[in-house]
Amino acid sequence: KLKRNLESPSKPDQVISLAPSHPFYKEINEVVANHIRRLMTENVEEKVDWVCIADQGDMKVFKRELEENGIPIDPMKAVCTVKGITGHEVCQYFWAFDTRMEWEATLDLSRAVEWLSDDTFISNNVIKRVWPASQRDACFWSHIRHISNKNDETPDCWIVVNYSCEHPECPPNKYVRITMNVALICETIIEPPANESTITRDNITCKITYTADVNPGGWAPASVLRAVYKREYPKFLKRFTSFVIDKTKDKEILF
Ligand code: 6CM
C-alpha cells in the first residue's frame with residue numbers, strides 16, 4: 001500500500017480509502033462521526049464539570065475528572081488557534097508516522113504494525129515510564145480524513161483519530177496496555193488579502209480542537225497522573241504546533 005507523501009501530497013480525499021469490506025471500516029466511520037458530532041454540540045468553556053487546567057491565551061486545556069474502578073480516566077480537551085498553518089498541514093503532520101518521533105516527547109518508541117490503506121495504519125507506541133507506575137504501551141489505528149462542507153450541517157475540516165485496537169503482531173504482554181480515543185480536528189480560517197492578491201501564511205489561521213480519552217490500564221496513582229497531564233498536554237500542543245510551523249514555513253501552503 002502507498003504511504004501518503006508529505007513532500008508531494010496526493011489530492012485531498014473526500015472519502016475513506018479503506019475498503020468497505022475491511023473489518024475496521026465500520027468502526028472508523030462511527031468513531032469519526034462521533035467526534036464530528038461532539039465537536040458541533042459540545043462547548044467545554046460553557047460546561048460546569050470541565051475545568052481549565054492551562055490558559056495561555058491562544059491555547060486552553062480542559063479536563064473533566066472521572067474515575068473508573070479507582071483509575072483516573074479524565075477526558076481532556078484543548079482548543080487552540082495557530083497563525084500561519086492550515087488544518088490540512090496540522091493533521092497531515094499529526095497523522096504522519098515517519099515524523100511522529102520528531103515532536104512526540106511522551107514516547108520511547110513508535111513502530112508501524114500494519115498499513116491498512118493510504119489513510120489508515122496501525123502502530124505500537126511505548127510510552128515513557130512515569131515513576132512509580134509500570135511502563136505503558138498502546139496499539140491504535142490512525143486515520144486521517146478531509147470532511148468537506150457539502151452542506152451547512154458539517155464544518156469543512158480535517159480530522160485525525162488515534163483509536164485503540166488489537167493486532168496479532170502487537171499483543172499486550174510486555175507493558176501495561178493503555179486504551180485511548182484521541183482526535184485532532186482542524187478548521188482553517190482565511191482572511192482574504194486586500195486587492196485580490198495571493199493568500200500568504202499571514203492570511204491563514206488554524207483552529208485546532210484536540211480531545212483525548214485515555215484509560216491508563218492498570219493501577220496509576222491519580223495525583224501523579226493528573227500532574228503529568230497538566231504538564232504534558234500543554235507542552236505537547238506547543239511543541240507539536242511549533243514543529244508544524246517550522247516544517248511548513250518555506251513550503252507552499254497545503255490547503
Ligand atoms: O496525542 C498525542 N500523541 C499521539 C501520537 O503519538 C497519540 C498518543 C497517544 C499516547 C497518549 C499517552 C498519554 C499519556 C499516558 C500516560 C500514562 C502513564 C501512566 C503513568 C501513571 C502515573 O495520540 C499526544 C499525547 C500527549 C500526551 C501528554
Side-chain angles (χ1 to χ4, degrees), residues 28 31-32 35 53-54 56 59-63 65-80 82 90-113 120-145 158-165 167 170 172 174-186 208-244:
I28 290 173
V31 174
V32 168
H35 278 295
I53 56 167
Q56 299 176 8
M59 188 227 331
K60 289 190 176 74
V61 183
F62 302 84
K63 72 164 181 186
E65 288 205 358
L66 198 63
E67 284 182 26
E68 203 177 81
N69 304 323
I71 297 174
I73 51 160
D74 305 353
M76 309 294 299
K77 182 159 177 168
V79 281
C80 63
V82 187
V90 172
C91 283
Q92 188 70 260
Y93 279 104
F94 186 67
W95 176 80
F97 174 74
D98 54 350
T99 46
R100 182 178 284 171
M101 294 307 282
E102 290 180 42
W103 56 266
E104 253 292 6
T106 54
L107 299 181
D108 264 349
L109 65 95
S110 186
R111 171 177 72 95
V113 175
T120 313
F121 67 96
I122 294 174
S123 64
N124 182 208
N125 301 268
V126 180
I127 296 147
K128 284 185 178 158
R129 185 175 172 227
V130 180
W131 186 89
S134 312
Q135 191 157 21
R136 261 77 174 164
D137 81 341
C139 179
F140 55 85
W141 51 253
S142 297
H143 174 73
I144 185 167
R145 190 181 303 195
W158 279 85
I159 178 169
V160 174
V161 180
N162 292 337
Y163 191 88
S164 280
C165 64
H167 193 283
C170 188
K174 196 168 172 197
Y175 306 102
V176 175
R177 177 61 52 94
I178 71 164
T179 50
M180 49 186 259
N181 180 0
V182 170
L184 185 89
I185 309 177
C186 298
I208 304 172
T209 305
Y210 173 86
T211 58
D213 291 347
V214 176
N215 186 322
W219 173 82
S223 59
V224 180
L225 190 69
R226 286 180 172 135
V228 169
Y229 285 176
K230 193 175 162 72
R231 185 184 68 229
E232 294 299 328
Y233 278 105
K235 206 165 111 186
F236 143 65
L237 285 160
K238 188 80 206 89
R239 189 176 150 107
F240 170 66
T241 51
S242 304
F243 170 80
V244 179

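Every number for a ligand or one of its atoms is a count from 1 in the order of the listing. In this chain, numbering begins with 1 at the start of the sequence shown.
Counting the atoms of ligand 1 from 1 in the order shown, those under 4.0 Å from a heavy atom of Ala133 are 21 (C), 22 (C). Proximity to Ala220 (heavy-atom distance under 4.0 Å) selects the following atoms of ligand 1: 21 (C). Remark: ligand 1 atoms within the under-4.0 Å shell around heavy atoms of Arg100 are 5 (C), 6 (O). Within ligand 1, the atoms closer than 4.0 Å to a non-hydrogen atom of Leu225 are 19 (C), 20 (C), 21 (C), numbered from 1 in the order shown. Shown in contact with Tyr210 at under 4.0 Å from a heavy atom are these atoms of ligand 1, numbered in order with element: 1 (O), 2 (C), 24 (C), 25 (C). Every atom of ligand 1 with a heavy atom of Val182 under 4.0 Å away is listed here by number and element: 1 (O), 23 (O). Listed by atom number, the atoms of ligand 1 under 4.0 Å from Leu107 heavy atoms are 6 (O).
In terms of heavy atoms, Ala138 sits closest to Asn124 at O-ND2, 3.1 Å. Scanning both residues, Cys186 and Cys91, for their nearest heavy atoms gives SG-SG, 3.8 Å. Here the closest heavy-atom approach between residue Arg226 and residue Pro72 is recorded as NH2-CB, 3.8 Å. Heavy-atom minimum distance, Trp103 versus Phe240: CD2-CD1, 3.5 Å. When every heavy atom of Asp137 is checked against every heavy atom of Val126, the shortest pair comes out as CB-CA, 4.0 Å. Taking every heavy atom of both residues into account, Ser142 and Trp95 meet most closely at O-NE1, 3.2 Å.
Closest to atom 20 (C) of ligand 1 among all protein heavy atoms lies Val130 CB, 3.7 Å. Scanning the protein heavy atoms around atom 6 (O) of ligand 1, the nearest turns out to be Glu104 OE2, 2.7 Å. The nearest protein atom to atom 12 (C) of ligand 1, hydrogens excluded, is given as Ile178 CD1, 4.0 Å; this is a heavy-atom distance. Nearest protein neighbour of atom 28 (C) of ligand 1, counting heavy atoms only, is Glu232 CB, 3.4 Å. When hydrogens are left out, the protein atom nearest atom 23 (O) of ligand 1 is Asn162 ND2, 3.0 Å; that is the closest non-hydrogen contact.
Using a 30° and 60° split on the angle between ring planes, Tyr210 and Phe94 fall in the perpendicular class, above 60°.
For Gln135 (side chain) and Ile127 (main-chain N/O), a donor-acceptor pair under 3.5 Å exists by modelled atom type.
The residue Leu184 has no part lying near ligand 1, judged by heavy-atom distances below 4.0 Å. Contacts of Met180 with ligand 1, taken as heavy-atom pairs under 4.0 Å, involve the side chain alone.
Of the candidates Tyr229, Tyr233, Phe240, Phe236, Tyr233 brings a heavy atom nearest to atom 27 (C) of ligand 1. The option from Ile127, Leu237, Thr106, Ile71 that lies nearest to atom 16 (C) of ligand 1, judged by heavy atoms, is Ile127.
Side chains of Val176 and Trp219 form no contact here, defined as non-hydrogen atoms less than 4.5 Å apart. Here the side chains of Val82 and Ile208 are in contact, with some heavy-atom distance below 4.5 Å.
With values rounded to the nearest 0.5 angstrom, Lys230 atom NZ is found 6.5 Å from Ile53 atom CD1.
On a distance-only criterion, Asn125 and ligand 1 share no N/O pair closer than 3.5 Å.
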